[in-house]
Q: 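Just dropping this structure here.
Letters go in sequence order (proteins before strands), and every chain restarts at 1. Excluded from the calculations below are hydrogen atoms, water molecules and symmetry mates; all remaining heavy atoms, backbone and side chain alike, are included.
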Protein chains: 2
Amino acid sequence: MRDVAAHARVSVRTVSNVMAGYQHVSEAMRARVQAAIQELDYRPNPVARTLRTGRTGVLALVVPEIDVPYFAGLAREVINAAATRGYQVMVDQTGHDHERERRLLTGADRTMLFDGVLFSPLVTAAELAEMDPSTTMPLVLLGEHVFDGRFDHVAIDNTQAAYDATAHLVSTGRRRVAAIGEQPQEGYATPRQRTAGYQAALLAAGLEPDPAYLRPAAHYRRADGYDAARELLALPQRPDAIFCFSDLLAMGAMRAVFDAGLQVPDDVAVIGVDDLEEGRYARPSLSTVSLDTPYIAQEAVDRIIARIGDPSLPGVQTRAPHQLLCRESTAPTSMQTAPSPACASGS
Amino acid sequence: MRDVAAHARVSVRTVSNVMAGYQHVSEAMRARVQAAIQELDYRPNPVARTLRTGRTGVLALVVPEIDVPYFAGLAREVINAAATRGYQVMVDQTGHDHERERRLLTGADRTMLFDGVLFSPLVTAAELAEMDPSTTMPLVLLGEHVFDGRFDHVAIDNTQAAYDATAHLVSTGRRRVAAIGEQPQEGYATPRQRTAGYQAALLAAGLEPDPAYLRPAAHYRRADGYDAARELLALPQRPDAIFCFSDLLAMGAMRAVFDAGLQVPDDVAVIGVDDLEEGRYARPSLSTVSLDTPYIAQEAVDRIIARIGDPSLPGVQTRAPHQLLCRESTAPTSMQTAPSPACASGS
DNA sequence: TTGTATGCGTTATCAC
DNA sequence: GTGATAACGCATACAA
């Protein structure tokens with residue numbers, strides 16, 4: 001920058017003003033500085049700028065595993081949304097490691113490398129409750145609702161989404177509706193809410209939730225869905241429908257049904273959550289609950305930028321829309337008794 | 001740091017020495033400084049360190065789209081490998097935008113925010129050839145072999161991989177073997193090499209490559225595979241096997257076969273490349289060529305770190321292993337004439 | 001409107 | 001072995 005100033009025969013102050021797009025700079029001066037910048041191929045050093053301003057222009061996106069398709073899709077949208085607003089994105093994986101989540105949240109790690117964190121947590125609500133939002137770095141929670149209003153959240157209505165999926169299964173004539181994805185440990189908000197929605201929908205249909213039909217899943221991957229579905233199919237009274245808390249679980253569950261010599265949807269209907277492209281190309285195509293990931297990403301990025309600008313802001317809960325998509329994997333059986341509720345075509 | 005120095009009644013120099021694990025520091029002094037660090041909960045500022053040393057400890061991973069499963073899996077391994085070596089990873093998406101690739105490569109963008117770049121390019125070899133490795137930032141190319149030896153590369157032998165996949169199809173009795181994934185434009189190394197391997201395998205089996213059986217694919221996504229397969233199936237003489245240049249293309253192709261009322265593998269065998277988990281759970285399970293992604297990621301990270309350490313190093317070409325995995329989608333037909341070549345069980 | 005001078009938190013050079 | 005101090009490149013308070 002000194003070289004540019006010398007070359008344009010002005011002070012560094014003026015160069016800095018031009019770079020920052022400062023208003024009160026004469027046109028002649030601005031042009032001269034611009035020319036010098038061009039000529040010397042000068043580019044400001046973002047690190048020095050950061051040291052001075054305290055802003056890095058970097059956001060962290062923290063997810064359990066980036067290669068889980070839902071998180072990969074989220075990352076895509078977050079990176080794009082951030083780029084639009086002049087931010088770069090650093091991706092971190094916790095690998096389902098609670099201790100690592102803690103360290104990231106408390107900032108015990110790599111402090112000050114990013115301005116804010118978009119966090120898709122496994123942490124228990126209890127652990128979050130212990131934390132003081134004012135002492136942590138700017139933080140937006142994705143996918144989890146912790147209703148104490150102290151943190152920013154962006155998430156769908158998990159209870160309603162689960163209710164919708166389950167009600168859809170019931171409306172197509174299924175009566176023995178199982179679910180895969182509960183978390184045995186306390187504190188995980190998402191699985192708890194989805195379990196609640198599932199049970200509420202059963203009760204609303206006059207069906208008694210059967211504990212044997214509610215299967216846990218350590219993670220939300222295909223293998224977990226496969227294993228859980230195998231256990232369900234081995235039950236003396238096997239279910240005729242399975243609500244999986246993720247599409248990945250559902251893909252595993254469908255494969256388990258086929259490996260058991262049964263058919264989807266005739267013997268067992270399957271529905272998931274996430275609307276992965278994978279499910280659209282599956283055979284049969286997978287019914288699911290679609291989340292508006294681009295909306296979630298944009299909202300999250302806007303929220304974190306606002307909070308970076310003013311950390312004292314109150315927590316904001318953003319509810320993202322969701323939509324039931326009915327495809328082949330939950331096609332009605334001959335036993336259908338009630339008309340299906342509102343359900344998008346699911347192409 | 002000044003506070004720590006004052007608190008321990010030493011100079012900042014000594015504190016810095018302790019932080020850096022410098023040898024010549026007396027035990028007593030070290031203990032006193034450590035105590036002060038603990039007491040004040042001091043943590044060094046990485047930005048200031050970067051300004052001074054010129055090292056950010058950040059690598060950039062540049063891919064076309066992070067939500068393409070292969071790239072998501074690569075990102076997972078790269079992030080983990082980088083973390084092991086004390087590096088963070090920034091993810092950038094080019095979105096198939098050549099201009100954006102150029103800017104990233106020439107460093108016209110965000111200079112000096114990272115120490116090196118792991119780049120999975122679409123750029124033509126010609127464009128890379130124009131560049132001077134010594135003027136660009138440390139760079140390792142992933143998935144592309146440009147045999148001028150000036151850049152570091154980590155990739156499989158694309159020609160051999162395509163040869164293996166095609167030879168496998170032929171060995172199971174297929175005679176009308178199509179391929180999806182060619183790139184009409186010049187310069188893309190990967191599709192060109194795979195096309196060459198495909199054609200070489202046909203010739204080696206005494207089959208004449210039919211231009212009508214070689215279909216382009218704009219990207220390597222499911223929709224591209226679906227569309228290309230539909231066109232192939234509409235041919236007067238329809239193929240009895242399709243070699244897809246990616247598993248995603250293959251998933252789309254399989255769906256197209258089913259939608260045409262045909263069966264995989266009986267009417268049309270399908271094989272892909274990448275060994276996505278998705279293919280293992282598909283019905284039928286997808287035969288594929290497996291790439292050793294963890295190896296690729298580790299090798300790439302080691303390579304870039306070496307180059308950061310010494311930019312004058314000569315370019316190194318690393319060849320990653322690949323393996324043919326035979327699953328249901330290429331099960332032999334009754335017409336099989338030759339014994340199948342070495343082929344892993346593909347579980 | 002523009003120039004001068006100081007400091008952001010490190011590391012490294014020089015003395016001691 | 002340790003202390004004082006310059007420098008990394010930028011932004012800004014203050015002076016002109």
Side-chain angles (χ1 to χ4, degrees), chain A residues 1-37 39-58 86 88 107 109-115 137 308-309, chain B residues 1-37 39-58 86 88 107 109-115 137 308-309:
Chain A
M1 189 152 122
R2 263 214 322 272
D3 297 346
V4 174
H7 198 268
R9 291 197 307 276
V10 295
S11 79
V12 290
R13 169 63 202 259
T14 305
V15 178
S16 181
N17 279 345
V18 170
M19 293 299 302
Y22 189 57
Q23 296 296 344
H24 309 279
V25 181
S26 70
E27 262 323 306
M29 193 117 297
R30 186 184 300 276
R32 222 164 71 204
V33 172
Q34 293 285 14
I37 288 173
E39 197 154 342
L40 297 178
D41 190 27
Y42 164 75
R43 278 167 255 161
N45 180 334
V47 176
R49 177 176 288 163
T50 292
L51 183 59
R52 181 63 230 241
T53 62
R55 296 278 175 83
T56 63
V58 176
Q88 303 254 101
D109 251 1
R110 54 206 100 179
T111 332
M112 310 178 216
L113 250 175
F114 18 80
D115 297 335
M137 107 168 42
I308 290 166
Chain B
M1 188 152 124
R2 266 213 322 271
D3 297 347
V4 173
H7 199 268
R9 291 199 305 276
V10 295
S11 77
V12 288
R13 167 64 201 262
T14 305
V15 178
S16 179
N17 279 345
V18 171
M19 292 300 301
Y22 189 59
Q23 296 296 345
H24 307 280
V25 180
S26 69
E27 262 322 306
M29 192 118 298
R30 186 185 299 280
R32 221 164 73 205
V33 172
Q34 293 285 13
I37 288 172
E39 196 154 342
L40 297 179
D41 190 27
Y42 162 76
R43 278 169 254 161
N45 180 333
V47 176
R49 176 175 291 166
T50 292
L51 181 60
R52 182 61 228 221
T53 62
R55 296 280 176 82
T56 63
V58 176
Q88 303 254 101
D109 251 1
R110 55 205 96 179
T111 331
M112 309 178 216
L113 250 174
F114 18 79
D115 297 336
M137 106 168 42
I308 291 167

Q: What integer distance in Å separates Ile37(B):CD1 from dG9(C):C1'?
A: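 From Ile37(B) CD1 to dG9(C) C1': 14 Å.
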Q: What pairs meet the salt bridge (Lys or Arg N to Asp or Glu O under 4.0 Å) rule with one or both residues in residues 21-37 of chain A, with sequence neighbours excluded?
A: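 Every salt bridge (Lys or Arg N to Asp or Glu O under 4.0 Å) pair that includes a residue of residues 21-37 of chain A, provided the two are not neighbours, is Glu27(A)-Arg30(A).
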Q: Just how far is it from atom OG1 of Thr50(B) to atom CG of Leu51(A), taken to the nearest 0.5 Å?
A: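 Output value for this atom pair is 9.5 Å.
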Q: Compare every heavy atom of Val33(A) with every heavy atom of Val15(A), then report the nearest pair and how far apart it is.
A: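 Taking every non-hydrogen atom into account, CA-CG1, 4.1 Å.
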Q: Could you check whether the side chain of Arg52(B) and the base of dT11(C) have a donor-acceptor pair of N or O atoms closer than 3.5 Å, going by distance alone?
A: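 Flag set: donor-acceptor pair detected.
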Q: Please find the earliest and latest nucleotides of DNA chain D, in the 5' to 3' direction, that have an atom within less than 4.0 Å of any heavy atom of chain B.
A: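 The contacted stretch runs from dG1(D) to dG9(D).
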Q: Between Ala20(A) and Arg2(A), just flag the one whose closest nucleotide in DNA chain D comes earlier from the 5' side.
A: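 Result of the comparison: Arg2(A).
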Q: Under the salt bridge (Lys or Arg N to Asp or Glu O under 4.0 Å) rule, collect the residues that match up with Arg55(B), sequence neighbours excluded.
A: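 Expected list: none.
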Q: Using the side-chain contact (heavy atoms from CB on, under 4.5 Å) criterion, which residues pair with Val58(B)? Sequence neighbours excluded.
A: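 Applying side-chain contact (heavy atoms from CB on, under 4.5 Å) to Val58(B) gives Met90(A), Thr56(B), Gln88(B), Met90(B), Phe114(B).
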Q: Between atom CG in Asp3(B) and atom P in dG9(C), what is the gap in whole Å?
A: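 These atoms are roughly 9 Å apart.
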Q: Do side-chain atoms of Thr53(B) reach the backbone of Arg49(B) as a donor and acceptor pair under 3.5 angstrom?
A: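 Flag set: sc Thr53(B) to bb Arg49(B) pair under 3.5 Å.
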Q: So, taking the atom named CG in Asn45(B) and the one named CZ in Arg52(B), what distance separates them when rounded to the nearest 0.5 Å?
A: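 Going from CG on Asn45(B) over to CZ on Arg52(B), the span is 14.5 Å.
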Q: Within this structure, what is the CG-to-P distance between Leu51(A) and dT11(C), rounded to whole angstrom?
A: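 About 12 Å, once rounded to whole Å.
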Q: Applying a 4.0 Å non-hydrogen cut-off, can you work out what Met29(B) is touching in the nucleic acid: base, sugar-phosphate, or nothing?
A: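 Touches sugar-phosphate only.
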Q: Given pairs defined as Watson-Crick or G-U wobble with both distances under 3.5 Å, what dot-bracket annotation applies to DNA chain D, with ( ) intrastrand, [ ] crossing, | other strand and . unpaired?
A: ||||||||||||||||
Q: Is there a side chain to side chain contact (heavy atoms under 4.5 Å, CB included) between Met29(A) and Val18(A)? Walk through the geometry before answering.
A: CA-CA 9 Å; Met29(A) 193 117 297; Val18(A) 170; 5.8 Å; no
Q: When the distance from CZ of Arg43(B) to P of dT10(C) is rounded to whole Å, what number comes out?
A: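 Those two atoms, CZ and P, are 12 Å apart.
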Q: Contact between Ile37(A) and Met19(A) at the side-chain level, heavy atoms closer than 4.5 Å - yes or no?
A: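 Yes - at least one pair of side-chain heavy atoms lies under 4.5 Å apart.
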Q: Would you give the length of the straight line joining atom CG of Asp115(B) to atom CD1 of Ile308(B), rounded to the nearest 0.5 angstrom?
A: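 One finds 4.5 Å between CG of Asp115(B) and CD1 of Ile308(B).
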Q: What is the minimum heavy-atom distance between Ala36(A) and Ala8(A), and which atoms define it?
A: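 Residues Ala36(A) and Ala8(A), closest heavy atoms: CB-CB, 3.8 Å.
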Q: Quick one, which residues of residues 7-17 of chain B touch DNA chain C with a heavy atom under 4.0 Å?
A: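 By residue number: Arg13(B), Ser16(B).
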